[in-house]
Structures are given as structure tokens and as C-alpha cells.
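One structure below.
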There are 2 protein chains.
Amino acid sequence: MASRIDHWRELGQQLRIDSIRASTAAGSGHPTSSMSAADLLAVLVDKYLHYDFQTPQNPHNDHLIFSKGHASPLLYAVYKATGAVSDEELLSFRKFGSRLQGHPTPLIPWVDVATGSLGQGLPIGVGVALAGKYLDKLPYRVWVLLGDSEMAEGSVWEAFDKAQYYHLNNLIGILDMNRLGQRGETDLGWNSAAYTARARAFGWHVIDVDGHDIAQIDRAYAEALETRDVPTLIVAKTIKGRGVSFLENKENWHGKALSAQQAEAAIIELGGIRQIAVEVPKPEPAPAVAGPEKKAPKLPTYQLGASVATRRAYGDTLPALGAARSDVVVLDAEVSNSTYSEDFKKDFPDRFFEMFISEQQMVAAAVGMGVRHRVAFASTFAAFLTRAYDFIRMAAISQANIRLCGSHAGVSIGEDGPSQMALEDLAMMRAIHGSTVLYPSDANQTAHLVAAMADQPGISFLRTTRANTTVIYAADESFPIGGSKVVRQSANDRVTVVGAGITLHEALKAADQLQKDGIAIRVIDAYSVKPIDRETLWAAAGATGGRIVVVEDHWPEGGLGSAVEEAFTISAGWQNPSALKISHLAVQGMPGSGQPAELLDAAGISARHIVDAVKKLA
Amino acid sequence: MASRIDHWRELGQQLRIDSIRASTAAGSGHPTSSMSAADLLAVLVDKYLHYDFQTPQNPHNDHLIFSKGHASPLLYAVYKATGAVSDEELLSFRKFGSRLQGHPTPLIPWVDVATGSLGQGLPIGVGVALAGKYLDKLPYRVWVLLGDSEMAEGSVWEAFDKAQYYHLNNLIGILDMNRLGQRGETDLGWNSAAYTARARAFGWHVIDVDGHDIAQIDRAYAEALETRDVPTLIVAKTIKGRGVSFLENKENWHGKALSAQQAEAAIIELGGIRQIAVEVPKPEPAPAVAGPEKKAPKLPTYQLGASVATRRAYGDTLPALGAARSDVVVLDAEVSNSTYSEDFKKDFPDRFFEMFISEQQMVAAAVGMGVRHRVAFASTFAAFLTRAYDFIRMAAISQANIRLCGSHAGVSIGEDGPSQMALEDLAMMRAIHGSTVLYPSDANQTAHLVAAMADQPGISFLRTTRANTTVIYAADESFPIGGSKVVRQSANDRVTVVGAGITLHEALKAADQLQKDGIAIRVIDAYSVKPIDRETLWAAAGATGGRIVVVEDHWPEGGLGSAVEEAFTISAGWQNPSALKISHLAVQGMPGSGQPAELLDAAGISARHIVDAVKKLA
């Protein structure tokens, strides 16, 4: 045992040295935040982590998430010790083209998710642990290295709460309590009693250790493996910059690389460069895990002319997908009887996860379940997805495939008032890299789009409407992502009106009224807001003299109007620049409470306003 | 005493009845969530709340925040009992044009901030309490009514943490633990021991009461007033729908109004309509509070040609504002040595508030300090403002005037990689109602814009750059919000290039290169992204044959490109539609780590790409 402790101590020193070497070679990075956690990682990877570096897709692998992503030098030093990356690659840290970026991303095959925005690793770990315990039903564990600064992020406490609620004994948090944040002491400093009390109050098993006492660390991990029904937090008191006298517990060393000369001195003090190789334990040989069962879903259908909310169709479609595919899971943030995701819960209670009112945790759990190849749909009011924007942004960097549904979009929700109205969600979701933004106007269309989302890579978002709307499409029509529908057209169209969701129905009313006045318009249903159907827009512009009215239940900035305007740029491929007259109707003024029709009209996006805008252009 | 208890009991029944009457008249709303807290409010407003309804601007008033904003019928019933609103107005609840909206907003003079997105009232209350204790130094108290469902929001725990850290004994949370959320039981149900343990672990004084035992409630408030140095949470076990047999503790009654017939039965069971008038205690007569001292700030100045980061200029300008105005306060989320807000802290430590890594709490505190008329600037990396998007959205509904600074924008930050790069912030901030979005390219411009933000109503956002950029403007130039600068122009301009921030400097490099090829371009610095300077864009389009290149360090959607494209719509006032050729350069592909120049080039937004785009158009 003594020799193994010595081995771990030596390995810890090597991880420190390599963290310094990598960051000094880069000229930036976080060596001191790596050094505080080096001993914790040395023991973990040599004895407790079960991971097959040759086969990162092995379903029996443990998961290691660096929630404190800035400690990437430590993670990469571990990879070097395991032989997964070479010393040469280690020294490519933070260089252009290297996969060893400033913060970990899944460009590295052993990294599940991108971290670097603090407070996200633990909530995502909750998602992976939920998958392990309830879906995969495999004994792998999820180890999450936490910084102490990030314990101030509320999202961490959402994760603490849900991990207790779901009895995630397969989740182990390792708190690297090194006292120092970026610009000084954290709000709790080395007050391990406070962290311990908080975690215990949230129902966790807590083990306090000296994070540089190898034997204590060893015992803590062993104890964590023994917990039943509750997650474990190891509160490790550590020293930032541990092992180097001029770095230890010093301020003003956060996120700074050592100079070459400083690095040399530090490496000498740490005992010199080592080349210790680590044999990370592999998971026990275990039966192969069967892939998901998949067949074509039998989608719900709706009669033409029926009055059905698109959120209702979302709720109807989820169980159809659940029946067709065993990998579909659904999450909701305590509003499943409004988003109608509750219908899935009724049929597939084992694949439904109530996240209560914690939207950040909900999105993080969807990302975590995606790590385990689940097709996760997560829903709440679209307004409240704003709560999780940083998680959605990071999910794109994580290359996650997740599906978000935001209900109760726009002023058309009526009496609840502006706090419940999503009026910025299209802008927010369009600005996510590689995202898909869908906004159906009828129930059959919704069913098809929800089904398509199951196979859509990246972050996809469906905006649904609270109110009932008329079914205008036959159930067997197709609605490809990136497409649109020309709902009205004639040879004499004077103006093109582009709407989506609730405003498409206002556009149709306007078309009827205008027809009485002898003005024909083309009406386009831009249900795929991103990618938008440029070709159809271009053709319509050509046919209607460049006269276009765009109408949306959203603030004027960044939504459907912007999507249409972008389509008419040279960089978007538009090749026939000619006089273009775009009139954009979007929500004007802060809405209040009222009936949907009153609010649509007051916002300037009702049929009456469309008629006026068309007449001004025509 | 007995008669007072009877009085409160009767008042509680009245508040229940009026909550039912208002919501039944509206046909929607949350009577049962109001009824659970009615006794808590009856005792509070008749004895403990000190508030002058005639003078809501009285600085000595207490503050009452309904974090559970859906209990608005209860709040409005209180207003009726005080005589502040008539019974007739009470029954206008949720009707179009009524200020008694579905969730409270500051259209009502006694409402400080909009609520309705859960988990925001307590963090905002922290801001008001910080102002009371450290800025106003007045003895008013901040009472926050919390729902139990919202205790799952991480933001609530950010507030618990900061309230302890800042010893906010003037903050009293009242937890209406009625067990039932929207679609069923909350995750902790009636487990008051769990709530108590959590709040205690976060350093709060906790009092457990039966929320329908008037005498217990009375004692709890009295005890809360006596706490020194720590905030108080009253955990009140209550019954949703209390007092009406068919509503009490029943599922499926959340957010539902009673029918007229049900309401009649309920009112009979509650003892019939009452007209009890409440005399809310007024604050003790106290000396008038002096307004802030204000003079013109002496802004920092920078030499033409010097190399200075705009974030550096932000940090330099804050102390200048602090010296000129006593109402300026600064908050930061633990990165003040990167945003450079630490410079303000050095000069004005009493007006600087460290919020640690809790961006939601930071924005909420800024809103709360704004309630007390402080001119709050809050800063972090722009990428991490995404964390607070729901708070920013709600701040606009609150009619708050807050100033946000997001540093480290775009791929130009370099080695830290995508998790730290704001690439969606312009889209996000533009889509906030009434927002101002500023993106300076040089230090002198930054100083002027920061100064202008101090007087700017609404939500204003300044995007700063990590890297040093060349000072191109003299210190005495003016930079009005809504303006722009034409940085290069000649009679022979073939193309207009619009940039801002870091890309303006790339545009200038491109102009130099193009000049060598005999191609003159007009270069516009669109430092005011919202409102954008339409007239200057229109003039430039006219002068350069409609050929425009827009270049930004942001994803392609919703940012500067969209702002420019919107300017060329009929609805934006553009009156000369002619062939418009817009080429839009924005970040292509997920960036990694690297040097700023490498990343700008890889993203397709460097001078080289601008040159190519211009040549294709010209």
C-alpha cells in the first residue's frame, strides 16, 4: 500500500508538472487550478475510474466530467499519463488546430461534453447518471470535478436537488476547494463546513478530506462507491498552485501561465519531469448492450378544419415516437400539463423525467442523456427557455443533439401577460450554432416536424402555440426541415406575405379580406425558420415585384423577419438583386393582459395590420 | 389581542374571497395559490409592512415583492383592502387595458418589479436589501413572498448565498409551502425540514410556522424583525385553496378560475363577501433623503494611435462616473480583473458589489438597486450574460434601467476557446424590448458610450473586446447613441463596409489593401448596433450603388448583419428601394483555440475576407 501511495504522490507531481509544461508552452491557461486537483485525479484515474481509452464508446465506461473546465491542463496531463495523447500533443495545448483547446470539448474522443462555462458539469452529470441508473441500468459511475467558485452558480444547486430526488448514487462530485477564485477568495473560502452543510441539506452523502492526503482521498473514493440511494460529494480542501512555493495559495495567479524560467524553477521544486504511465482500470467485461429499437412512428392525424393547438399536437406526437423508438426520452420543467408532454409520461413513465422548475437542469439533463445516445425532448414555456440560454449555447459546443419545445409563444397567449410570453425565443434559438428552428401553424404539420426532430442533429427548437388553430394541412402532406408551404398563390399576386405559427392564420384572414378588395396575395408558411426556404422566398419575390410583408408574434429583432431579410443577401446566394420592398410587422410596445385577439391587434400583427401593410406596398 | 387575531382571520378570508372574485371575473388566474398565502399577507399588511400607499416613492417604505407573481389576485385583493384600488378595478383583473395584469408589473405604482418568471423575486429582493443596508442605509425591510415550486430554481439559491454573504437582516423571505405545483406535488412537498435545513445551511435564520395559524405568523414576523446580521426565512406550511372544501389540497386546480357557480359556493363557505379596510402602517416620519450628487464626469482620454482594449476603457471610465455621480454602483460576477470593473472598486469600495459567479443574481441585484434609483453597471464576460437572459428579459418588463457590460466578445478572444466567446450576445440583447446595444471599437469611443449609458433608460448593453485595438478617434469627438461614424469615405466609393468593434479594424485594414488595388470603399463604424443609424446607412447605400458588406464577430443570425438588413425595409422607413447587394460576413464554423488573428481569419471575418467580399461586389 505504501508503494501505491508513493506512486500516486509521484503521479500527482507529474500531473502538476505537465500542467505547467502545457500551459507554459501555450503561453496561457490555468496551471494553478490544475495543480490543486492533481492528487485527486492521480488516485482517481489509477484506481477508481473505469474507462477504456481504446473504446470510448464502450457503454460500460465510467464518465469523467471536468465541470471546472479551465483545469484542462490537468485533464490533458492525465491523457498523457494514460498514453492516450503523446507528450508532443500535450504541448500543442491551446494552439490553433489542436484538439487540446483552452477548455475541453468533444473534439477529444474521451470528453463527453464541453465545459468552461462554470456550473454546467454537475447538471450534465445528473443527466448522464439518470441515463445510467434508469435507462441503461448499467453500473457505470459519473465523476464530476467541481471548482469551488462555481458553487455560487444556482445551476449547481438545481443539480444537487435533482440528484437527491432521483437517488443518483452513481454520481460522485469532487469539490476542489482551493479557496481562490479568479480575482480573490471565493465567498466561502476554505469553509468546508459550509459546503458540507449545504450538500447534506440537499440530501447528499458528504466526505471531507484533505485533498493532498493521498490516503484520505483513497478512502473517500472507496466510501463513495459504497453509498446506496444518495449521491456523494467529496469536499477536498486543496491549495491552489500546490507544490510550488511561489504559487501556493497566492492571489493573482489564476489563469496565468508561468514563464519559461518560472516553469523551470517550478518543475525543479516538483522533483523534475517524470514519465509515469498509468493503467486506468477498464470496465469489467460485460455483455454487449443492444441498440435502440426503431420503427417508423405512427403519427397522430387531424381532420382538416379542426381546431387544435400545436402544443396539443406536440403532446400527441411524443407517445407515437415513444412507441416507435425505445431511445426517445422526455423531460419537462413542471409544466407538462401545459406543454402536453404529460401524454408521453402516461404511456412511458420510465422514460419521462420531471425536472421541476429548473430549466437549466432540464437542458443539462437532456445533454447528459444525449451522451448516452438518448433522443431527448425537453419542454417548457418558450419564455422560460431563456433561463437556460447558456446551457443551450454550450450544448452546441458539446455537439449535443437535443430537442427543445417551447410552448406559449408570443402575445397570443393572452391573459397571463408579458412575463409568460416568449417574444425573443426565435432570435435566441436562431443564434445557436447549427440550430434548427421550427414554428408550425397546424397540428398535422407539428406532428411531422416533431418526428423529424428525432433524427435532426444539433440543437433543434419547436415553438408551439397556446391557442387552438385551424388544421389547414392534410395529414399526409410532407414538411421537410428547410422547406416552406405556399398556402395561397395565383398568377396575379401583388404582394407576398410570410407568416408562421399564429400569424400564418392572420395572414390567411388578411388574404380573404384583400381578395374582396381585388388584391391577390401570395401567402408563405415559413414553418422552418432556420434553415429558411430561400428558394421559395426568392421565387415569391420575383413573382410579386419584390413586395414582401413578414409578420411574426415576436419582437422585431432577430426572428422571422431577420431570417427572411438574410435570405435576400448576396452572401445567402441571392442572385437577382432588384428593388425589394420588405415590410416587417412584429410586436410593437410592451403587451399586457387581454384576449389573444386583442393582443395580436394591439401588437400590430393582426389581419387588419397585414391588410394595411399589403395595401401600402401594393 | 384575541380581537386582532379575529380581525386578521377575517381579513384572510376576505383576501381569499376577493382572489376568487377577481379570477372568476377574469375567467383565468390563480385563486388557489392566492388562498394559501392569504393569512400570511393579512398579518403582514395589517401590522408589519410599513408602506405609504399615497407616496410609493417614499424612500422609507418597505418593499413587498411577490416572487410567486401568479398569486397576483392576492396582491390585488390586498390593494383593495387598503383602498388603493376599488372593488370595480379589482374585477378588471386580466382584462385588456387593466393595470391589474395576470402577473404584477410596475404599471402599478406599488409594484417594484415585474414577476411571473419564478425564482426572480428573491434575487431582486437581495438587490433592494443591498441598497437599503449599504447605500440608502435606511431601516426599511424587503419582504419577499416565495412559492415552494420556485425553490427548485437555482437562482433562488444564488440569492440565499448572497443574502448571507452580505448579512442582509433586512431581507425576509416568506415561503408559502402549499405542497402543490402546477401539475402535481413539488419535489419536496410539505417537507419543511428539508427547506429549513437548506436555508440554515445557507446561513439564514429560519422560522417554521403553520401558515394558517395567525398567532404563529404574528410571532414569526416579530422574530424576523429581531434578527441581526442574517436574513430570515419563514417556512409556512399552508394548504393550497385553503378554506374551500373542494379546493383544499386538491390537484388540477392550479391556475384555474372557478366558475361563477363554484365561486358562489366557495364564497359562502368562506363566510361571504366582506369589506374590511386595512390601515397599512406607514413608515416612521423620517428626514427627507437627499438626491444623488451629480456633475459632468471627467472622462479618461487616450492618444490617437495608442493601443488600448475597449474593456480597459470601460474600467477606466467607471471611476470617472463614480466620482461625478454618487448614484453610480458597480457589480461584477467574479471577473472584475478581466472586465476591469475592479478599477471602480479601488476608488469606491462601498459602491462595488462582488456577486461571485452568479450572473442571474448579479443582474437581479442591478434591477433591485435600480428600484432604489441607483445607476447600476454590471459586468462579466459577454458569453456568460447568456446565463441571465431570463432576468434581462424580465428586467425590461420591470421597466428597469440597468447597464450591462459584456467583455471578451467574439472569436477574437483567442486561446480560451468557444466556451468563453460571446457569439450570440448581440442577437440576444437586441431582442430585448427597448434595449440599447453598443459595441465600441476604440477607447475614447468607449468612454463616451459608458458615460451615455448612465443616463440611458431601459436595458443597455456594452460589448467590449479583450484585445488591444488602435485608438482611432480623438477624445473630444462625440458618439451619440443611435449614431455611427463614417471612418473612410471618398467620392469614388464603390462599396460600403459596415463593421463594429474588432471588425472595424479589419475593415480599415481591408480599405488600405483595396486602395492599393484602386478600389475605394466607405467604412462605417456602427458602434450603436441598436438603435442603428439608418440615415447614414441609407446614404452610404445610395453612394455606393447599394453594395454593402457587413462584417461582425458574431454568429450570422440576429447581430449587426440583421440590424443593417432591417434598416433597409420599408417598415424601417427606407424610401428608395433599389437593387441592394448585401454581403454578410459573420463567424462560420465552430471556432477553437488559437491566436486572435488566426481565429478571425478562420471564421471568415478578417481583412482578407473583407477584401474578397468587396471585390466580388464591386
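Residue numbers start from 1 in every chain, and the chains themselves are labelled A, B, ... in the order their sequence lines are given, proteins ahead of strands.
- Heavy atoms closer than 4.5 Å to chain B are found in the side chain of A/Tyr165, but not in its backbone.
- Between A/Lys95 and B/Glu598, none of the side-chain N atoms (NZ, or NE/NH1/NH2) sits under 4.0 Å from a carboxylate O, so this pair counts as no salt bridge.
- Residue with the most contacts toward chain B among A/Gly417, A/Gly181, A/Gly434: A/Gly181 (heavy-atom pairs, distance under 4.5 Å).
- For A/Glu158 and A/Gln360, the side-chain atoms include at least one donor-acceptor pair closer than 3.5 Å.
- Only the backbone of B/Thr186 comes within contact range of chain A, judged by heavy atoms closer than 4.5 Å.
- For a residue to count as touching a neighbouring chain, one of its non-hydrogen atoms must lie under 4.5 Å from one of that chain's; by this rule B/Ser72 does not touch chain A.
- Proximity to chain B (any heavy atom under 4.5 Å) is restricted, for A/Lys162, to the side chain, taken from C-beta onward.
- Within the 4.5 angstrom heavy-atom criterion, only backbone atoms of A/Glu185 (N, CA, C, O) approach chain B.
- Interface remark: A/Ala159 contributes no atoms to any contact with chain B (heavy atom separation under 4.5 Å).
- Of all the listed residues (B/Gln595, B/Lys616, B/Glu359), the one sharing the greatest number of non-hydrogen pairs under 4.5 Å with chain A is B/Glu359.
- Side-chain contact, A/Thr380 with A/Asp332: no donor N or O sits under 3.5 Å from an acceptor N or O.
- The candidate with the highest count of non-hydrogen atom pairs below 4.5 Å against chain A, out of B/His70, B/Glu150, B/Glu424, B/Arg200, is B/Glu424.
- Between A/Leu385 and A/Met428, some side-chain heavy-atom pair lies under the 4.5 Å cut-off.
- B/Phe391 touches chain A through its side chain: at least one heavy atom from C-beta onward sits under 4.5 Å away, while N, CA, C and O do not.
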Pair B/Asp187-A/Gln164, side-chain hydrogen bond (donor to acceptor under 3.5 Å, both in side chains): steps then yes or no = CA-CA 10 Å; B/Asp187 61 348; A/Gln164 169 191 37; over 6 Å; no
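- At a 4.5 Å heavy-atom cutoff, the contact between A/Ser562 and chain B is made by backbone and side-chain atoms alike.
- Note on A/Pro577, A/Gly558, A/Ala197: by heavy-atom pairs under 4.5 Å with chain B, the leading option is A/Pro577.
- Under the 4.5 Å side-chain criterion, counting only non-hydrogen atoms from C-beta, A/Phe381 is in contact with A/Ser338.
- Only the side chain of B/Lys530 comes within less than 4.5 Å of a heavy atom in chain A; its backbone stays farther off.
- With a 4.5 angstrom heavy-atom cutoff, B/Ala383 touches chain A via backbone and side-chain atoms both.
- Between B/Ser341 and B/Ser336, the side chains place no donor N or O within less than 3.5 Å of an acceptor N or O (distance only, hydrogens not considered).
- Using modelled atom types, one side-chain atom of A/Glu334 and one backbone atom of B/Gln182 make a donor-acceptor pair closer than 3.5 Å.
- Looking at B/Met394, the atoms closer than 4.5 Å to chain A (heavy atoms on both sides) all sit in the side chain, from C-beta outward.
- Two residues are said to be in side-chain contact when any heavy atoms from C-beta on lie closer than 4.5 Å; B/Ser571 and A/Leu585 fail this criterion.
- Of the possible donor and acceptor atoms, one in the side chain of B/Ser155 sits under 3.5 Å from a partner among the backbone N and O of B/Gly119.
- For A/Glu354, the part lying near chain B is the side chain, with the backbone staying farther off; criterion is any non-hydrogen pair under 4.5 Å.
- Under the 3.5 Å distance criterion, with hydrogens and angles disregarded, no donor-acceptor pair is assigned to the side chains of B/Ser435 and B/Arg430.
- Neither the backbone nor the side chain of B/Gln361 comes within contact range of chain A; no heavy atoms are under 4.5 Å apart.
- Between chain B and the options A/Leu188, A/Leu599, A/Ile570, heavy-atom pairs under 4.5 Å are most frequent for A/Ile570.
- Both the backbone and the side chain of B/Ile397 come within contact range of chain A, with heavy atoms under 4.5 Å apart.
- With a 4.5 angstrom heavy-atom cutoff, B/Leu617 touches chain A only via side-chain atoms.
- Neither the backbone nor the side chain of B/Gln575 comes within contact range of chain A, judged by heavy atoms closer than 4.5 Å.
- Here B/His433 is the residue among B/Gln120, B/Lys581, B/His433 with the most heavy-atom pairs under 4.5 Å with chain A.
- Comparing A/Leu426, A/Leu580, A/Ile357 by how many heavy-atom pairs each has under 4.5 Å with chain B, the most go to A/Ile357.
- With no hydrogens or angles considered, a side-chain donor-acceptor pair links B/Ser117 and A/Arg387 at under 3.5 Å.
- With a 4.5 Å cut-off on non-hydrogen atoms, A/Arg393 touches chain B through its side chain but not through its backbone.
- A donor-acceptor pair is defined here as one N or O able to donate and one able to accept, closer than 3.5 Å; no such pair exists between the side chain of B/Ser593 and the backbone of A/Gln101.
- The residue among B/Ala333, B/Gly589, B/Ala193 with the most heavy atom pairs within less than 4.5 Å of chain A is B/Gly589.
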message = I'd like to know whether A/Glu342 forms a salt bridge (Lys or Arg N to Asp or Glu O under 4.0 Å) with B/Arg183, so could you lay out the CA-CA distance, the side-chain angles of the two residues, the decisive distance to 0.1 Å, and finally the verdict.
response = CA-CA 9 Å; A/Glu342 65 177 6; B/Arg183 48 80 265 155; over 6 Å; no
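- A cation-pi arrangement is present between B/Arg198 and A/Phe202 under the rule of less than 6.0 angstrom and at most 45 degrees off the ring axis.
- Of the atoms belonging to B/Ala427, heavy atoms from both backbone and side chain fall under 4.5 Å from chain A.
- Proximity of B/Val587 to B/His554: side-chain heavy atoms (C-beta onward) are nowhere separated by under 4.5 Å.
- No hydrogens or angles considered: nothing links the side chains of A/Thr105 and A/Arg99 as a donor-acceptor pair under 3.5 Å.
- Among the candidates B/Thr569, B/Asp390, B/Val156, B/Leu118, the residue making the largest number of heavy-atom pairs closer than 4.5 Å to chain A is B/Asp390.
- Neither the backbone nor the side chain of A/Ser398 comes within less than 4.5 Å of any heavy atom of chain B.
- Per-residue counts of heavy-atom pairs under 4.5 Å with chain A were compared for B/Met355, B/Glu565, B/His584; the largest is that of B/Glu565.
- Heavy atoms closer than 4.5 Å to chain A are found nowhere in B/Met362, neither backbone nor side chain.
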